There are 4 protein chains.
Amino acid sequence: MSSASIHKHTAILDAAYELFGSGGFYETKMSEVAERAGIAKGTVYLYFKNKEDLFMAVTRRDCEGFLQQLEGKLRASGSLTGKLSVIAAHHLFYYYERKQHTKLFFRAPNNNPELVAYMALFMDEYMQAVVKVLLEGGASEPELMAKSYIGMLDRLKMDILFDPSFSEEDVHKRTKFAASLFIGGAVANMNASLGDLPAGQ
Amino acid sequence: MSSASIHKHTAILDAAYELFGSGGFYETKMSEVAERAGIAKGTVYLYFKNKEDLFMAVTRRDCEGFLQQLEGKLRASGSLTGKLSVIAAHHLFYYYERKQHTKLFFRAPNNNPELVAYMALFMDEYMQAVVKVLLEGGASEPELMAKSYIGMLDRLKMDILFDPSFSEEDVHKRTKFAASLFIGGAVANMNASLGDLPAGQ
Amino acid sequence: MSSASIHKHTAILDAAYELFGSGGFYETKMSEVAERAGIAKGTVYLYFKNKEDLFMAVTRRDCEGFLQQLEGKLRASGSLTGKLSVIAAHHLFYYYERKQHTKLFFRAPNNNPELVAYMALFMDEYMQAVVKVLLEGGASEPELMAKSYIGMLDRLKMDILFDPSFSEEDVHKRTKFAASLFIGGAVANMNASLGDLPAGQ
Amino acid sequence: MSSASIHKHTAILDAAYELFGSGGFYETKMSEVAERAGIAKGTVYLYFKNKEDLFMAVTRRDCEGFLQQLEGKLRASGSLTGKLSVIAAHHLFYYYERKQHTKLFFRAPNNNPELVAYMALFMDEYMQAVVKVLLEGGASEPELMAKSYIGMLDRLKMDILFDPSFSEEDVHKRTKFAASLFIGGAVANMNASLGDLPAGQ
DNA sequence: TATGAATGAGTATTCATTCAT
DNA sequence: CATGAATGAATACTCATTCAT
């Protein structure tokens, strides 16, 4: 692929990322993608088989970037607690930085088995990255714990996407909160005794 | 509204619930909804303004049912820990019982502000129900905690939806796991010491 | 099917007959068919699955009409020679009457197996009708003879389709010529002896 | 035109002949033609103005070859009957030898006046070749007779194209049958008297 | 109320053709 | 001469919605 080709390939992915991201799969027109990429409609089809293929490619690039960055950051960080904080920060800031374009990324074509399979794979890889961290601490149910942590983070991210007044500082607070809650549990954030809590749960 | 009308209204909602639930908004046809409801295509429009309106109504009924049931269960339960367990059980079993039809419910029309607003409202009401419970324990950041708990539960529910071998027993385990992790934190599930954990976090 | 439906069905077939007939399959647009039939584009699809289906239906109606008329005329006619003349007249006048619309009917979608099969069936039925006549005369190779006769007629019809000055009288002459040539052979139309003709052939 | 050019010109014609022949005009892509000819897409346009021009050239080469071969064979043959047999054999074997590639040759672009004109010209030249033979026998309606003979042959050729089990021997039989029927007429193939045949027709 | 025939706006995709290299 | 990346016109088909009955 020539450098011009690569440039066009990237331009299409970028355009599609923004449009799929804000309008979703069904409400994004291939002609819009072409226009935003600064090329002709037919040209899109020289690089991607069809609309679903383009959506897959956009998703793939995004997910791979997410995981690669995460792994780099985890390698560079130390203690267990530090790593859990890194995960939280990565998750929240990743979306914070892309809030313009990922608002509605979760609007995907509904019955595309390939996409469903890929998303499952992504989720699994993400989870395994977290599991690996947890195992260092000797967690007994690392997969469930990893899923729980990811779920927490994913929900905490929603406000970031939809609340335009969210500041970087706010994201930092949320990051610390998430790691702390996950590690210490609700009990650590409460004044009242939890005397009725079954011990060891 | 006559009783015949109510019956038809309900039949349409039921049909739409199943179809939207398994195929998503865009891949569900109004004609299919009518057919499954046992009425004529035009009749759907006597009860719902248009496809989005129908989707809204389906969503609303589902969310309201979810919240009402939750509130009933919370009133009937005692301690803080008990209530947190009730929330987890409700969230997971709700989807467990509807796994046939909610698989893809999260595929919604992408740019409908009314729907977005409603979902935000639902999330807020759900969160407030959890907040109310947490406040009994004197939580300091009850909203963030509530969101985190809901996020955990939502991710833990995904396997239930997509893994057909999931048994009722498995759901029970997950329920206990979720409540326990949320209350006691990761530290309680780990063998290794978390000596590097900043105290009080 | 209501009478209005039948009317529309027929109107579409008529419109398609004329357009396919003069422009061929590929150069006829469904929107033109609809317009000429006086209905909306979408309505065509209520009556015919797609463009190929419509083409098939048009072809079928035309071929069936051709054969039915032929059979009626054959029943009403007497001697072997008379029947052969009836066949010739039917073939030539059928196209003479439709010269406006069948000029290019032989431009069909190229790779439609169903259509190919149907045309083979039609040709076979046509041939069998001729074979039946020939068998009354004790022909020894009736199928090849039938095909030959049909081939003659089909070529003799071409001028009718493409020559606008062709009169009904001309068609009559051609009819007589065809029957006579087929029955008596070239030898009957020649002054010179055909002494070198293998005897008995 | 250099020899390399001639080679490319021929390669394109060969490729187009096979593809148009088996897929028809509309379902053959210029890119396929180029690929099969072993050249780039754009190069085709250095040799042929456009797709229709290429189709014309392919048709022309085929028709000219058909006529030239026929004329050569006719010069080499003797009696009237012999010449008629030569015509039949030529027509049938020509397609027999090309059955792979001419199955669908008759699927031409529908509204190309130049092509229509050329085909008329070809038909006329073919007819004149036959007429010339028939005039040696003093035929009174040589053109109609020629057309009829060609029509017969054309129909008799169809089975050859579509029936893969057709042997060379079968083609021979058909050749003899055609010439014999044309010369002697149906009456020669029948047991029954044709007493009602108008004398001299 | 209920129907369902009719509508027509809306869009992904193809492919002949061009032209800068 | 040769290339092949880029173009964009052109069209079948779908399906939400309407409205005469």
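Chain letters run A, B, ... following the sequence lines, proteins first, then strands; residues in each count from 1. No experiment lies behind these values; they were computed from the predicted model shown.
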Notebook entry, point to check: Could you give the OH-to-C1' distance, from D/Tyr47 to F/dC1, as a whole number of Å?
Noted result: 7 Å

Note to self: Classify B/Lys49 by what it touches in the nucleic acid, base, sugar-phosphate, or nothing, heavy-atom distance under 4.0 Å.
What the structure shows: nothing

Checklist line | Given F/dA16, E/dA2, F/dA6, the nucleotide with the shortest approach to the side chain of A/Leu46 | finding: F/dA6

Next item on the list: Compare side-chain N and O positions of C/Ser5 against OP1 and OP2 of E/dA5 and report whether any pair is under 4.0 Å apart.
Entry: no

Next item on the list: Using atom OH of A/Tyr26 as one end and atom C1' of E/dG10 as the other, report the distance to the nearest whole Å.
Entry: 16 Å

Note to self: So that I can tick it off, tell me whether B/Asp53 and B/Arg60 are bridged by a salt bridge, with the cut-off set at under 4.0 angstrom between side-chain N and carboxylate O.
What the structure shows: no

Margin query: Do D/Tyr94 and D/Asp62 make a side-chain contact, defined as non-hydrogen atoms from C-beta onward lying under 4.5 Å apart?
Written below: yes

Notebook entry, point to check: E/dT18 C1' sits how many Å from D/Met30 CE, rounded?
Noted result: 13 Å

Item checked: Minimum-distance nucleotide (side-chain atoms of C/Tyr45 versus E/dA6, F/dA12, F/dT3) -> F/dA12

Check: If you look at every heavy atom in A/Leu161 and A/Tyr95, which pair is closest and at what distance?
Finding: CD2-O, 3.9 Å

Next item on the list: Using atom CG of D/Asn50 as one end and atom C1' of E/dC19 as the other, report the distance to the nearest whole Å.
Entry: 17 Å

Next item on the list: Would you verify whether the NZ or CZ of D/Lys51 falls within 45 degrees of the ring axis of D/Phe25 while also being under 6.0 Å from that six-membered ring's centre?
Entry: yes

Next item on the list: Please determine, for E/dT21, whether a Watson-Crick or G-U wobble partner exists with both distances under 3.5 Å, and give it or none.
Entry: F/dA2

Margin query: What is the separation between atom NZ on C/Lys8 and atom P on E/dA5, rounded to the nearest whole Å?
Written below: 10 Å

Margin query: Taking the minimum atom-to-atom distance to the side chain of C/Ala40, which one of E/dG8, E/dG10, F/dT3 wins?
Written below: E/dG8

Notebook entry, point to check: Just how far, in rounded Å, is C1' of E/dT11 from CD of A/Glu52?
Noted result: 15 Å

Item checked: Heavy-atom closest pair, residues D/Tyr45 and D/Lys49 -> CD2-O, 3.5 Å

Check: Is B/Lys29 touching bases, backbone alone, or none of the nucleic acid, heavy atoms closer than 4.0 Å?
Finding: sugar-phosphate

Checklist line | DNA chain E: 5'-proximal contact among A/Lys51 and D/Ser31 (nearest heavy atom) | finding: A/Lys51

Note to self: Whole angstroms only, please: what is the CD-P distance between B/Glu35 and F/dA16?
What the structure shows: 13 Å

Check: Of the nucleotides E/dT13, F/dG4, E/dA9, which has the atom closest to the D/Lys41 side chain?
Finding: F/dG4

Notebook entry, point to check: Want to settle it: does C/Thr43 or A/Thr43 sit nearer the 5' end of DNA chain E, counting the closest nucleotide to each?
Noted result: C/Thr43

Check: Mapping D/Gly42 and A/Gly42 onto DNA chain F by nearest heavy atom, which one lands closer to the 5' end?
Finding: D/Gly42

Checklist line | Length of the CG-C1' vector between D/Asp53 and E/dT17, whole Å | finding: 14 Å

